[in-house]
S.K.: 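Provided herewith is a single structure, encoded as structure tokens, for subsequent inquiry.
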Amino acid sequence: MAAVAVHQFAECITCHAWSPDQSMVAFCPNNSEVHIYKLFGEKWEKMHVLSKHDQIVCGIDWSLKSNKLVTVSHDRNSYVWSQEGTEWVPTLVILRLNRAALCVQWSPKENKFAVGSGAKSICICYYEQENNWWVSKLIRKRHESSVTSVAWHPDNILLATTSTDGKCRVFSTYIKGVDSKEPESSSSDLKFGEQIAQLDLSVTWAFGVRWSPSGSILAYAGHNSMIHFIDDVKSNPSAQSIPLRDLPLRDLLFLSDRVVVGVGFDCNPMIFTADDTGLWSFTKYLDQRKAAPSSSRGSQLSEAFGKLYGTSKQVPSNDTVEPSKPRGGAHENCITCIVPLWKRGNTTLCRFSTSGLDGKVVIWELDIPK
Amino acid sequence: MAAEEEYLEAEENLEAIITRIEHKSRKIETLLKQSKPVDALKTALEGSALKTRDERCKSANWIVVHRAMMAIKDVDGMISSLDPEYYDILMKYLYRGLATGDRPTCDQCLRIHEKLTEKAGLGCILRSLSDTVNTV
């Protein structure tokens with residue numbers, strides 16, 4: 001019930017994505033390339049190197065049905081890659097950004113993708129059949145700072161974003177000709193770029209926004225070691241903010257409407273569950289660490305703060321923090337990205353992979369109580 | 001209670017806060033005379049006007065908290081009997097204490113900081129450092 005496989009691919013991984021059949025993984029090893037590795041039995045072989053970007057590729061998403069890769073980079077560009085035979089053919093998508101792109105996600109129907117950027121805007125890109133290219137529509141208003149993550153609602157129209165201005169916003173991305181009109185949707189839902197909600201729960205940077213599988217709950221992490229859950233965003237939002245014991249989270253994943261996995265600077269995935277009344281709470285850490293919990297933790301902290309507590313003289317050296325101590329877990333450095341691994345035929349998700357600054361991709365599997 | 005402390009406060013609101021702090025101060029003196037330093041600290045932390053921007057209110061509350069904090073002898077006991085909702089506020093006051101540079105204050109603050117971090121974790125420190133809205 002924990003880490004199933006650990007693969008060391010590089011010194012540092014920015015982000016990763018899996019192919020639809022989960023035989024191949026694409027990741028960026030903290031440079032301007034995207035490497036695609038395939039598993040042959042026990043060994044991973046480098047199959048392709050996609051090198052069209054000029055700067056770090058900070059977002060990769062692999063669409064499950066149409067098998068297309070979308071990559072975005074700090075060079076303000078985005079490419080949609082489609083596999084033709086053994087080659088990956090890139091198509092440039094002109095995002096019209098004047099700052100770096102930071103994150104990307106395919107919409108559930110895979111006919112659009114959203115890009116968050118440092119230009120305080122989001123790009124919604126869709127494919128125009130007549131001209132055979134991807135068009136980008138920008139949502140320029142509302143954001144006061146960089147957009148750190150984007151998440152599509154299952155209805156393929158609502159998009160949630162988190163930003164370094166601390167707020168989480170929900171927008172409508174309805175595009176005439178691309179999206180079909182749902183009978184129940186209100187008129188505001190049908191206006192592109194319309195802000196449906198703005199959540200002001202975090203005073204610090206916000207990361208990792210995700211919708212629950214049913215689309216009724218929204219969750220995101222604040223950089224002040226808090227995680228926020230919001231129920232029923234559109235009509236009657238009710239929020240729960242849970243302070244975390246340890247370091248902040250960077251990314252989240254809903255395994256079901258009641259279970260969330262958070263990953264971040266603790267290098268250890270955290271499970272949050274909701275009880276029958278909908279009250280969320282922290283359940284446990286996923287990784288079994290070799291060190292015993294509370295008692296040795298206290299001494300670990302005393303060790304770190306030891307110089308601070310022990311003497312009141314000025315300490316010239318700067319090693320009072322415990323950054324790179326090997327903690328005996330799967331990940332040794334901050335986990336920045338978590339990706340679901342759906343098993344064919346399953347309706348509940350119980351497998352996912354994480355990648356981090358230590359260059360590892362770890363696959364986790366756990367039993368979810370129904 | 002939090003609704004009172006708006007960013008642009010009327011004069012009477014500030015006076016109300018100061019009065020409340022004075023009232024707290026008297027209660028704390030009584031509790032300290034009765035050798036109940038833990039209750040004194042709880043009283044001091046309760047109802048701290050965190051959203052106010054007025055320096056007088058903050059200083060007044062800090063003096064009260066400082067008085068109660070310096071009287072604590074049994075740090076472990078105090079931490080274990082403190083409500084978790086006060087961890088973040090106490091941590092903010094500890095950092096204010098550490099910022100004074102005054103030797104006895106800093107010694108006491110460090111003693112409490114060690115135990116509070118063990119109990120509340122690193123998240124508590126992060127929240128107290130990153131919160132620019134609710135300051136002490």
Side-chain angles (χ1 to χ4, degrees), chain A residues 164-167 200-207 221-228 241-250 262 264-268 270 281-282 285 293-315 320-323 325 327 334, chain B residues 2-3 5-7 45 50-53 70 72 75-77 79-80 82-92 94-95 97-136:
Chain A
T164 48
D165 64 7
K167 302 187 183 24
D200 204 354
L201 299 166
S202 178
V203 284
T204 55
W205 293 1
F207 291 100
H223 210 53
N224 57 349
S225 286
M226 289 190 77
I227 183 170
H228 307 278
S241 301
I242 301 177
L244 304 176
R245 202 198 140 76
D246 294 303
L247 300 174
L249 298 173
R250 281 298 301 276
F265 292 91
D266 280 319
C267 319
N268 199 344
M270 300 171 86
S281 61
F282 168 69
Y285 278 103
S294 46
S295 52
S296 74
R297 186 185 187 97
S299 60
Q300 257 188 353
L301 286 170
S302 289
E303 237 180 271
F305 285 105
K307 284 206 169 70
L308 200 59
Y309 296 136
T311 72
S312 32
K313 293 196 285 263
Q314 275 290 65
V315 184
T320 50
V321 282
E322 40 166 34
K325 218 184 260 198
R327 297 158 197 242
C334 175
Chain B
E5 281 90 78
E6 280 163 345
Y7 182 58
L45 294 174
L50 293 175
K51 284 206 167 43
T52 178
R53 288 274 191 279
M70 295 306 286
I72 300 269
V75 181
D76 279 316
I79 300 278
S80 37
L82 193 66
D83 272 329
E85 61 179 291
Y86 291 116
Y87 289 164
D88 289 353
I89 305 172
L90 178 58
M91 187 59 85
K92 287 178 188 170
L94 287 179
Y95 277 99
L98 288 171
T100 61
D102 170 54
R103 182 65 184 264
T105 310
C106 287
D107 280 350
Q108 180 74 336
C109 284
L110 284 174
R111 249 176 252 129
I112 303 179
H113 187 284
E114 180 181 8
K115 300 295 175 193
L116 184 59
T117 314
E118 257 180 65
K119 192 83 197 287
L122 295 172
C124 182
I125 298 180
L126 271 165
R127 276 185 292 281
S128 63
L129 290 179
S130 61
D131 200 346
T132 50
V133 172
N134 307 308
T135 51
V136 293

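Note on naming: letters A, B, ... go to the chains in the order of the sequence lines (proteins, then strands), and numbering restarts at 1 for each one.
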S.K.: Going by the rule salt bridge (Lys or Arg N to Asp or Glu O under 4.0 Å), which residues pair with Asp102(B) if we only count those two or more places apart in sequence or in a different chain?
M.R.: none
S.K.: Could you pull out all residues at least two apart from Tyr87(B) that satisfy side chain to side chain donor-acceptor pair (under 3.5 Å)?
M.R.: Lys119(B)
S.K.: Considering non-hydrogen atoms only, spot the tightest contact between Gly97(B) and Cys106(B) and give its length.
M.R.: O-SG, 3.9 Å
S.K.: List the atom of Ser225(A), the atom of Gly123(B), and the distance in Å for their closest heavy-atom pair.
M.R.: OG-CA, 3.6 Å
S.K.: Under the side chain to side chain donor-acceptor pair (under 3.5 Å) rule, collect the residues that match up with His228(A), sequence neighbours excluded.
M.R.: Ser241(A)
S.K.: Give a yes or no on whether a salt bridge exists between Asp107(B) and Arg103(B), defined as a side-chain N under 4.0 angstrom from a carboxylate O.
M.R.: yes
S.K.: By number, which residues in residues 127-136 of chain B have some heavy atom less than 4.5 Å away from chain A?
M.R.: Arg127(B), Ser130(B), Asp131(B), Val133(B)
